[in-house]
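As structure tokens, the structure follows; a few thoughts come after it.
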Protein chains: 2
Amino acid sequence: MKFQRHNAIRELVAHSLVANQDELRRKLRRRGFEVTQATLSRDIHELRLSKGPAGYALPAAASAGETAIDDGPPSVAEVLESFGLRVRQAMNQVIISTVMGGAQPVAAALDHEEWPTVLGTIAGDDTVLVICTDPRRAAEVESRLRAMLES
Amino acid sequence: MKFQRHNAIRELVAHSLVANQDELRRKLRRRGFEVTQATLSRDIHELRLSKGPAGYALPAAASAGETAIDDGPPSVAEVLESFGLRVRQAMNQVIISTVMGGAQPVAAALDHEEWPTVLGTIAGDDTVLVICTDPRRAAEVESRLRAMLES
DNA sequence: CAGAGGCTTGCATACTTATTCATTGCGCTG
DNA sequence: CAGCGCAATGAATAAGTATGCAAGCCTCTG
């Protein structure tokens, strides 16, 4: 039974140190599951476990109960369309106003696209502060964002 | 040049997919670091990276909580060494990019040291905005932080 | 300067994990 | 029942990672 074995693996990994697949194989055998390392390699892949300095670990997202992994992070354009309200600029800074709770996703999308003239972003609840290299670039960034917002 | 290489590795792992050590070796080579897989294996161990279905990943920001409880508030240098990825400057501002979850500890350390030319800091999840009195001082702060990062 | 000690690295290789290929068992369909 | 498709698996092996060892460099000390 593959499913029961998967549960046993999850439990072993969560509650004890499992340094490698052969150790996992021996621990499973004591619980009545007798399989080879090849099968465990596949199981681990299916369970999306990760291996670090402290042995195998459950995927962080899964334990938090999230469904994060679909097809990739959303683009700035997408997320602005959903949350963006207004874009303004001053000096080398651009301020994006969003609906409540929309700042974080917008900033994350912006960070992810790594625009060269954007040094960094800081997000509150409904405002994103975008720091650019200089006022001129900030104006460019502003108009680009504004174009997205108004598309 | 071990330290700079470590920083480059952190940044590559944070911002791009690194499926295995040989891929990491090639990406580092394009940045001017020429080392063998053996060295990378050791680096990865020292950086406590973990490998999952999506390639290598930085250690969870949980390590932020652990470092806090020992002998006193961590210095900027310490915390930058753990979390810092990149430092840049524009106008009177300095932007510190960190590992996810690393911005708060960095800002706290910076606040605690009370540098005279730093008026204040704002931290998001992975970005710290440092406001300085003027552009000249900001450049000084930047180079000081950068020196710590690359020490 | 010679030499000890410590750190970093590459090479070669042991160890660990992923994959290919073949086999088996099960359910379905004609 | 024969034939087919398909999921699960093991054996063998390829791919990837860790490590023992020795060399090269520093710094320090006598």
Side-chain angles (χ1 to χ4, degrees), chain A residues 1-63 69, chain B residues 1-60 63 75 77-78 80-82 84-85 99 146-151:
Chain A
M1 273 334 178
K2 189 159 116 169
F3 189 74
Q4 294 178 332
R5 190 180 64 239
H6 278 196
N7 278 331
I9 291 171
R10 260 196 284 254
E11 178 152 307
L12 282 170
V13 164
H15 298 310
S16 67
L17 272 193
V18 180
N20 58 44
Q21 297 180 0
D22 209 58
E23 184 178 326
L24 178 58
R25 189 177 59 75
R26 290 193 295 276
K27 289 189 174 179
L28 280 172
R29 193 173 50 194
R30 266 179 272 153
R31 296 193 171 202
F33 298 96
E34 190 122 13
V35 291
T36 62
Q37 172 269 324
T39 297
L40 294 183
S41 171
R42 290 184 271 250
D43 285 348
I44 283 168
H45 184 83
E46 285 162 23
L47 290 172
R48 302 179 124 53
L49 302 187
S50 66
K51 184 181 184 181
Y56 284 99
L58 296 164
S63 51
I69 310 169
Chain B
M1 289 303 127
K2 186 159 121 170
F3 217 89
Q4 295 177 330
R5 190 179 64 240
H6 279 194
N7 279 329
I9 291 172
R10 261 197 284 253
E11 181 152 354
L12 281 171
V13 164
H15 295 309
S16 67
L17 272 192
V18 181
N20 58 47
Q21 297 180 359
D22 208 58
E23 184 178 324
L24 178 57
R25 189 179 58 75
R26 289 192 298 274
K27 289 188 173 180
L28 280 172
R29 194 174 48 192
R30 265 179 273 154
R31 296 194 171 203
F33 298 96
E34 190 121 14
V35 293
T36 61
Q37 172 269 324
T39 297
L40 295 183
S41 171
R42 291 185 268 249
D43 286 347
I44 284 169
H45 184 83
E46 284 162 23
L47 290 172
R48 297 177 140 24
L49 301 188
S50 65
K51 184 181 183 181
Y56 284 98
L58 296 161
S63 54
S75 71
E78 283 170 0
L80 260 192
E81 176 161 340
S82 302
L85 289 181
V99 160
R146 189 172 296 216
M148 290 178 177
L149 194 60
E150 293 170 354
S151 68

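Lettering of chains follows the sequences in order, A, B, ..., and the numbering in each one begins at 1. Since the structure is predicted, the reported quantities are computational estimates derived from the model, not experimental observations.
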Counting the atoms with a prime plus P, OP1 and OP2 as sugar-phosphate, which does A/T39 contact under 4.0 Å by heavy atoms, base, sugar-phosphate, or nothing? sugar-phosphate
Calculate the interatomic distance between B/L24 atom CG and D/dG16 atom C1'; express it in whole Å. 13 Å
Determine whether B/K27 and B/E23 satisfy the following criterion, salt bridge (Lys or Arg N to Asp or Glu O under 4.0 Å), listing intermediate values before the conclusion. CA-CA 6 Å; B/K27 289 188 173 180; B/E23 184 178 324; 3.5 Å; yes
C/dT19 C1' sits how many Å from A/D43 CG, rounded? 15 Å
Looking only at side-chain N and O atoms, does B/Q21 come under 4.0 Å of OP1 or OP2 in D/dA18? yes
A quick test of your reading: do over 12 heavy atoms of other residues, nucleotides or ligands sit less than 6.0 Å from NE2 of B/H45? no
According to a strict under-4.0 Å criterion, is B/S41 in side-chain N/O contact with OP1 or OP2 of D/dT17? no
Heavy atoms under 4.0 Å, any strand shown: does B/E34 hit a base, just sugar-phosphate, or nothing? sugar-phosphate
Nearest-Å distance, NZ (B/K51) to P (D/dA18)? 9 Å
Taking only Lys NZ, Arg NE, NH1 and NH2, and the carboxylate oxygens of Asp or Glu, determine whether A/R31 and A/E11 approach each other closer than 4.0 Å. yes
Just how far, in rounded Å, is C1' of C/dT17 from CG of A/L40? 11 Å
How many Å lie between CZ on A/F33 and C1' on D/dA8, as a whole number? 15 Å
Rounded off to whole Å, could you give me the NE2-to-C1' distance for the A/H45 and D/dT9 pair? 17 Å
Send over the distance from B/E46 CD to D/dA18 P, rounded to a whole Å. 12 Å
Just by modelled atom types, is the A/L12 backbone N or O under 3.5 Å from a matching donor or acceptor in the A/S16 side chain? yes
Need to verify one output field. Residue with the more 5' nearest nucleotide on DNA chain C, B/Q37 or A/N20? B/Q37
More than 12 heavy atoms of other residues, nucleotides or ligands under 6.0 Å from CZ of B/R48: yes or no? no
Reckon B/Y56 has a side-chain N or O less than 4.0 Å from the OP1 or OP2 of D/dT17? yes
Nucleotide D/dA18, atom P - distance to CG of A/D22 in whole Å: 17 Å
Would you indicate, yes or no, if C/dG10 has its OP1 or OP2 atom less than 4.0 angstrom from a side-chain nitrogen or oxygen of B/R42? no
Looking at the base of D/dT9, is there any donor atom on it, or on the side chain of A/R25, that sits under 3.5 Å from an acceptor on the other one? no
